[in-house]
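These notes concern the structure reproduced below.
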Amino acid sequence: MTKKERFKKIFPILKDKFGNPKAALEFETPYQLMVAVILSAQCTDARVNIVTKELFKVVKYPKDIREMDLETLEKYIKSTGFYRNKAKNIKLNAEMMLEKYDDKIPKELEKLVELPGVGRKTANVVLGELWNIREGIVVDTHVKRLSNRIGFVKSENPEIIEKELMKFVPKKDWFVYSHYMILHGRDKCIARSPKCNICEIRDYCKYNLDNLKK
DNA sequence: CTCCCGATAT
DNA sequence: ATATCAGGAG
């Protein structure tokens, strides 16, 4: 089976399982979503939501971050890990927002990634979530792991993985596909101990098929 | 490539 | 004890 054929088998199964997924991150304003995604680096979104529940009571726009001192911000977000980097980036990010965009988040990927703390992954999530804009495929740790296990790619480089996936994943599915990878990654294709024996897509997964031979 | 870094599951 | 969690900057 070609990659495209396998994708056509896998995608409907995941679609049937997860439907039309909403982001697990909680937010009210677009700016809050960007902050939440920055916080979600190497951290579960459940943890991010615990932190933002308090933080977003006082932070809704970039000006709210400007008014908050660094130490206070660090205290709010500490439990998400990397808190000093994240706090510093969020402060710098707010300053650039106020200087260039006020509180209107730019809708171009090239401009978004210039904001401190925002990389390609974060930018794609923000654009997709807020305005359904798909400039690429979100490649996070889950997409990376599942793509390699299924046998779609053989690479640890997010940009190479993204290009490879874009060859056979239809553009209209780019955004939901990464959502499905993330959800399925948390549910069955867990990093440490994948539950291949109860996995819905095991018949199309290289990792499972290879293990059966042993 | 390394560093950042707390919380959680195993 | 240790790997892992919706990564980004230098």
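Naming: A, B, ... by sequence-line order, numbering from 1 per chain.
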With a 4.0 Å limit, can you tell me whether A:R192 has a side-chain N or O closer than that to the phosphate oxygens OP1/OP2 of C:dT2?
no

What nucleotide, of C:dA6, B:dA7, C:dC5, holds the atom closest to the side chain of A:L25?
C:dA6

Around atom CD of A:E108, are there more than 12 heavy atoms of other residues, nucleotides or ligands at under 6.0 Å?
yes

Could you say whether the aromatic ring of A:F82 and the base of C:dG7 stack, counting only centre distances under 5.5 Å and plane angles under 30°?
yes

Choosing from C:dG8, B:dT8, B:dC5, which nucleotide comes nearest the side chain of A:R47?
B:dT8

SB check A:E162 A:R120 (cutoff 4.0 Å):
yes

Minimum-distance nucleotide (side-chain atoms of A:T44 versus C:dT4, C:dA6, B:dG6)
C:dA6

Touch check for A:L115, heavy atoms < 4.0 angstrom, all strands: base, sugar-phosphate only, or nothing?
sugar-phosphate

So, does A:T141 get its side chain near the phosphate of C:dG7, meaning an N or O under 4.0 Å from OP1 or OP2?
no

Check the angle between the aromatic planes of A:H184 and A:F18 and answer parallel, tilted or perpendicular using the 30° and 60° thresholds.
perpendicular

Judged by each residue's nearest nucleotide on DNA chain C, which is more toward the 5′ side, A:V113 or A:E129?
A:E129

State which of B:dG6, C:dA9, C:dA6 makes the closest approach to the side chain of A:D45.
C:dA6

Once you apply a heavy-atom cut-off of 4.0 Å, does A:V118 come out as touching a base, just sugar-phosphate, or nothing?
sugar-phosphate

Output yes when A:E200 and A:K188 qualify as a salt bridge under the 4.0 Å nitrogen-oxygen rule, no when they do not.
yes

Nucleotide of C:dA6, C:dG7, B:dC5 approaching A:A41 most closely (side-chain heavy atoms):
C:dG7

Using atom C1' in both nucleotides, what's the gap between C:dC5 and B:dC5 to the nearest angstrom?
12 Å

Under 4.0 Å from OP1 or OP2 of C:dC5: is there any side-chain N or O of A:R186 that close?
no

